[in-house]
Novice: 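Right, I'll just put the structure down here and ask away after.
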There are 2 protein chains.
Amino acid sequence: MMFDEIDIKLLGMLQNNAKLTTKEYANNLSLSVTDVYERIKRLEKTGVITKYVALVDKKKINKSHVVICHVKLAQHNKEFLMQFEREVLKLKEVVDCYHISGDYDYILKIYVSDMEAYREFMVTKLTTIQHIGSTQSAFVIKELKNTTAVAI
Amino acid sequence: MMFDEIDIKLLGMLQNNAKLTTKEYANNLSLSVTDVYERIKRLEKTGVITKYVALVDKKKINKSHVVICHVKLAQHNKEFLMQFEREVLKLKEVVDCYHISGDYDYILKIYVSDMEAYREFMVTKLTTIQHIGSTQSAFVIKELKNTTAVAI
DNA sequence: TATGAAATTAAGAAGAG
DNA sequence: CTCTTCTTAATTTCATA
C-alpha cells in the first residue's frame, strides 16, 4: 500500500488523537469530509490501523514504576525458549517482551506500583519460570518518551 | 480516585478497543448506558484516561525492525544529561527513551525499516549527539508482547 | 446532501442502605 | 429519607451512502 503526504499527515493525527470528528481532520487537511472518511476506512481495511484504544495514566492507576529487566536463559534450545515465552506472557505486569540479540536473550518492560511490588513480582512470578539463567533489572529514573505513535 | 470492579473491567475494555458503542460496553457489564457513559466521562475528567489513539501496524508502514539501544554518557553532570535528552527527543525513530539505573544511562527503543536504516540512524543521528560515551545495540529477533494496555 | 445511528443531556422512577 | 443507578425520551451530533 502506498501513502501520499495526506495519508501520512492523517495517520499522524489519528495516532495522536483518534477522537476528533472526521470534519476536524478534514479541516486540518483542507479536504472534504468524504475524502477523509474514505482514507480512514482504507487505512482500517488494509490493516494499517489495527485498532483504536484508550491510553491510561500509569500514575493514576498506581503503576508508576517502570523496570527494564534483562533475562538470560540457562540454555538456548527450542523447548526452553518456548517454555519461557509461554510463561512470561502470562504475567500481567509485563507490558513489553522482546527476544533480542546480544548478551541477554530477552528484555522486558514491567509496570509495578513500587519497589516492594517489583520484589514480589521477581520472587513469586518471574524467577519461578524454569530455565532462567540470570536476570538484571534496571529501574527507570525518568521516562522521557513513551509513545504509541510511529513516525512514517 | 477509587476504582470498583466495574471501573477496572471497563478500563480493560477501553484499553483493548475504544470503538465500541456505550451500549456495547453497557451490555458486557450488564449496566445501563447512562451509568457506563458517566463512568467513562469520569475516567476522562479525572485524567485516568489520557487520550484515545489509533494504533498502527509497524510492518505496513515499513518500520518493522526494532532495536533496543543502551547509551552511556561520557560524564554525568546535569548539563550533559539535559543536552543529551533534548537532542534524543528530536529523533523521530526513537519511540521510547528511559533514563535508567545501572551500567547504562539510557535505554532507547528505535523503529526503523531495516539494518541499513539503523546504520544510517546511528551514524548520522544518534552518535552525533554530544557527550555520548558508548552505545550498545540489541536487535529484536521477535516481538513477543508490546501492549498499551496496563493491567490494574 | 440526506438518512439513520449514536452520543449526549435531562428528568423522573426504582431500589438499596 | 437519601444516594445511587436505571429508564426513558428529547436533542444534537456524527458517520455513512
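For clarity, every value in this text was computed on a predicted model and none was experimentally measured. Naming convention: chains lettered A, B, ... in sequence-line order (proteins, then strands); numbering from 1 in each chain.
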Novice: Quiz question: by atom type and distance under 3.5 Å, do the side chains of E85(B) and Y106(B) form a donor-acceptor pair?
Specialist: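 Short answer, yes.
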Novice: Does T22(A) put a side-chain nitrogen or oxygen below 4.0 Å from OP1 or OP2 of dA15(D)?
Specialist: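 T22(A) to dA15(D) OP1/OP2: side-chain N or O found under 4.0 Å.
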Novice: Would you indicate which nucleotide in dA6(C), dA10(C), dA17(D) comes nearest to any side-chain atom of T21(B)?
Specialist: dA6(C)
Novice: In whole angstrom, give the distance that lies between atom NZ of K19(B) and atom C1' of dA7(C).
Specialist: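 In whole Å, dA7(C) C1' and K19(B) NZ are 14 Å from each other.
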Novice: For dA6(C) and K23(B) - does any side-chain N or O of the residue sit under 4.0 Å from the phosphate oxygens OP1/OP2?
Specialist: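 The answer is no; no side-chain N or O of K23(B) sits under 4.0 Å from OP1 or OP2.
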Novice: Measure the distance from CD1 on I6(B) to P on dC6(D) and round it to the nearest whole Å.
Specialist: 8 Å
Novice: Name the closest nucleotide to the Y37(A) side chain, picking from dT7(D), dA7(C), dA15(D).
Specialist: dA15(D)
Novice: Check the distance between dA15(D)'s C1' and R39(A)'s CZ and give it to me in whole angstrom.
Specialist: 18 Å
Novice: I need the CG-P distance between N27(B) and dT7(D), as an integer number of Å.
Specialist: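 Checked: the CG to P distance equals 11 Å.
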Novice: Going by side chain to side chain donor-acceptor pair (under 3.5 Å), D105(A) matches just one of H76(A), H99(A), K72(A). Which one?
Specialist: H76(A)
Novice: From the set dT16(D), dT8(D), dA7(C), return the single nucleotide nearest to any side-chain atom of K41(A).
Specialist: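 My answer, after comparing the listed nucleotides, is dT16(D).
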Novice: Rounded to the nearest angstrom, tell me the gap between atom CG in D7(B) and atom P in dT5(D).
Specialist: 10 Å
Novice: Check the distance between dA14(C)'s P and L31(B)'s CG and give it to me in whole angstrom.
Specialist: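 Distance, rounded to whole Å: 20 Å.
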Novice: Taking K51(A) for its side chain and L55(B) for its backbone only, find out whether a donor-acceptor pair lies under 3.5 Å.
Specialist: no
Novice: Assess, by modelled atom type and distance only, whether the side chains of Q83(B) and H131(B) contain a donor and an acceptor separated by less than 3.5 Å.
Specialist: yes
Novice: Round to a whole Å and report the spacing from CD of E38(B) to P of dA11(C).
Specialist: 13 Å
Novice: Whole Å only: how far is the CD atom of E24(A) from the C1' atom of dT13(D)?
Specialist: 11 Å
